[in-house]
Amino acid sequence: MHEKIIILDFGSQTTQLIGRRIRELNTYCEILPYNKFPQDATGVKGVILSGSPYSVYDSEAFAVELSGLRGRYPVLGICYGAQFIAYTSGGNVQPAPSREYGRACLSSVDDVDLLRGVEPGAQVWMSHGDTITSLPRSFRIIAGTDDVPAAAYMVDGEDTYGVQFHPEVYHTECGMRILGNFLDICGCKRDWTAASFIESTVAELKGMLGDDKVILALSGGVDSSVTAVLLNRAIGENLTCIFVDHGLLRKNEFEDVMNDYRDLGLNVVGVDARAKFYEALEGIEEPERKRKIIGKGFIDVFEEEARKLKDVKWLGQGTIYPDVIESLSITGTVIKSHHNVGGLPEKMCLKLVEPLRLLFKDEVRRIGYELGMKDSLIKRHPFPGPGLGIRILGSIAPEKVRILQEADFIYISLMREFGLYDSVWQAGAILLPVRSVGVMGDERTYEHVVALRAVTSTDAMTADWAHLPYEFLAKVSNEIINKVKGVNRVVYDISSKPPSTIEWE
Ligand code: XMP
């Protein structure tokens, strides 16, 4: 059993970030709702209380009994977490005279374990409307800024600490140092690495699955690919992967990805279902209907293949930690789930196995590298399940797919050539349902318009349009118009999300 830190989530926007930082410090952690400290606390080395959108004195503020935690584990309260510990011990918390947001500098820093290596003058990031105005007697201020006297405190005789700033955000220069110091106080060995994750997960999967058979839908994306390789390590041939060509993949994608999968030793069935999808989609223009038809078609094909296999008991899925956290979320955020085989486990009486469910995306990539997977699979841009089906605006037809595949291929190949591929979150071409007039040679043309989309993002929840160099855009436009028959105009999408979305449909 790995040692772990429990992060109790009081609803802050940065709770996930705390988790990521602790993992970056090679320590396993779990983010749980503020009132769900685990009954089985095996391996727990320390507890962090997150920030919150509430004030401690709000009637609906999230509150939890700390007596079972304080003194038993080292505890670190961050922002609301710090205010909550102070407030529930008899301290005072009040609205700050001026709201305390953004950059601040620590003017005093005590020589205590939590702040080892932190110098006065260090920049910290504040984000709170309240402030601690008095501390209980056993609490001691250990750092302050000019505006926030109790920027950090500790409790005498306990390993309990509070910081009103956010050590987890990038702009707090000494943040990693403080979190690392806290892990030292907790006595963490910091041995959570990709290799240790693989070793323990493969052993767990072996124990859980025994000789059972598992099926898994591959998408070409990093999550499902890493899931497949991990499962393959654990159960070998008892894993069957299914990769469906719905006719809406990128140019050469099916063959390339199948080859990559075979090189990895996966037992993978490739299904050419293009005709079936084109037929079902003929004449359909409405985006949500297209999505539904593609989703249903996918399930039908997958189910048909799965039924050909005997005695399958499990469905593998590439669910990752942000999905899990959202589904547990106390603030009730709607789960954003694009799982292509939703509904299937119940229908086929399959149990779910999700070996990546506790990992963040960057960790999935690291595991992928450790498993010996190639850049082309690991650094691949996200690509939606319905594929080019939602990048061909309006109705879909094989000829339009061909045009878009060619244009997209030129765009993405040049992006790699110019060394821009890894600097954007995702990119793709979109075929618009309008024609425009042009002139080629002496001929008037009346042909398709292709839009190019490229965004920067860290999680696809928000995104900015990528500021790609003009020389690159000029080259892409030229190549597409010269080489792709049926296109005479290329435009670049300069919308951010929100208010736009990444995909056009
Ligand atoms: P939007 O367009 O909502 O996209 O800004 C956010 C991210 O989700 C991907 N996306 C999808 N993925 N099925 C998927 O598997 C879908 O229906 C779907 N729609 C959007 C999109 O590519 C981006 O990464």
Side-chain angles (χ1 to χ4, degrees), residues 216-228 242-250 253 257 277 280-281 284-299 301-302 315-323 326-327 333-344 354 356 360-362 364-365 377-393 396 404-405 408 411-412 415 421-432 451-466 493-505:
L216 172 77
L218 288 172
S219 67
V222 61
D223 301 341
S224 66
S225 304
V226 173
T227 304
I242 293 168
F243 184 33
V244 179
D245 184 357
H246 51 20
L248 302 163
L249 297 172
R250 298 190 132 123
E253 179 95 338
V257 172
F277 279 87
L281 286 165
I284 309 292
E285 291 186 1
E286 212 273 313
E288 280 311 300
R289 273 197 72 201
K290 289 201 289 189
R291 260 205 177 73
K292 290 226 166 69
I293 291 171
I294 298 168
K296 178 171 180 313
F298 189 87
I299 289 180
V301 172
F302 188 76
L315 175 72
Q317 276 200 165
T319 313
I320 64 170
Y321 204 32
D323 305 329
E326 275 181 28
S327 69
T333 330
V334 181
I335 312 168
K336 180 161 167 287
S337 174
H338 292 307
H339 292 308
N340 293 321
V341 287
L344 207 64
E354 301 173 311
L356 307 182
F360 292 108
K361 192 90 174 179
D362 46 336
V364 174
R365 294 206 170 99
L377 274 176
I378 293 176
K379 288 200 174 161
R380 186 171 295 247
H381 287 169
F383 186 67
L388 302 183
I390 54 170
R391 294 187 183 166
I392 294 171
L393 305 199
I396 295 166
L404 185 56
Q405 278 181 336
D408 179 76
Y411 181 35
I412 301 298
M415 193 168 255
Y421 185 86
D422 292 338
S423 67
V424 305
W425 167 267
Q426 82 185 87
I430 297 110
L431 188 67
L432 305 189
L452 306 178
R453 181 83 164 129
V455 296
T456 54
S457 178
T458 51
D459 53 11
M461 305 297 278
T462 58
D464 194 9
W465 59 278
D493 181 353
I494 52 167
S495 327
S496 64
K497 170 185 180 173
S500 298
T501 50
I502 296 175
E503 305 294 344
W504 279 43
E505 280 196 342

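As the structure lists them, so they are numbered: ligands from 1, and atoms in each ligand from 1. All figures in this text were calculated on a predicted structure; none of them were measured in a lab.
- Atom-to-atom distance recorded for E505:CD and I390:CD1 is 7.5 Å, nearest 0.5 angstrom.
- Using cut-offs of 30° and 60° for the angle between ring planes, the Y421 and H381 rings count as parallel.
- A salt bridge links K361 with D223: the distance from a Lys NZ or Arg NE/NH1/NH2 to an Asp or Glu carboxylate oxygen falls below 4.0 Å.
- Set against the non-hydrogen atoms of R291, the atoms of ligand 1 under 4.0 Å away are 16 (C), 17 (O), 18 (C), 19 (N), 20 (C).
- Close approach of ligand 1 to T501 is summarised as follows: ligand atoms under 4.0 Å from at least one heavy atom of the residue are 1 (P), 2 (O), 5 (O).
- By the 3.5 Å distance cut-off applied to N or O atoms, I390 is not counted among the residues near ligand 1.
- Within ligand 1, counting atoms from 1 as listed, the ones closer than 4.0 Å to a heavy atom of G385 are 12 (N), 13 (N), 14 (C), 15 (O).
- Partners of D493 by salt bridge (charged side-chain N to carboxylate O under 4.0 Å, His left out), not counting sequence neighbours, listed by chain and number: R453.
- Below 4.0 Å from some heavy atom of K497 lie the following atoms of ligand 1, by number and element: 1 (P), 3 (O), 5 (O), 6 (C).
- Here the closest non-hydrogen pair linking D245 and G247 is OD1-N, 2.8 Å.
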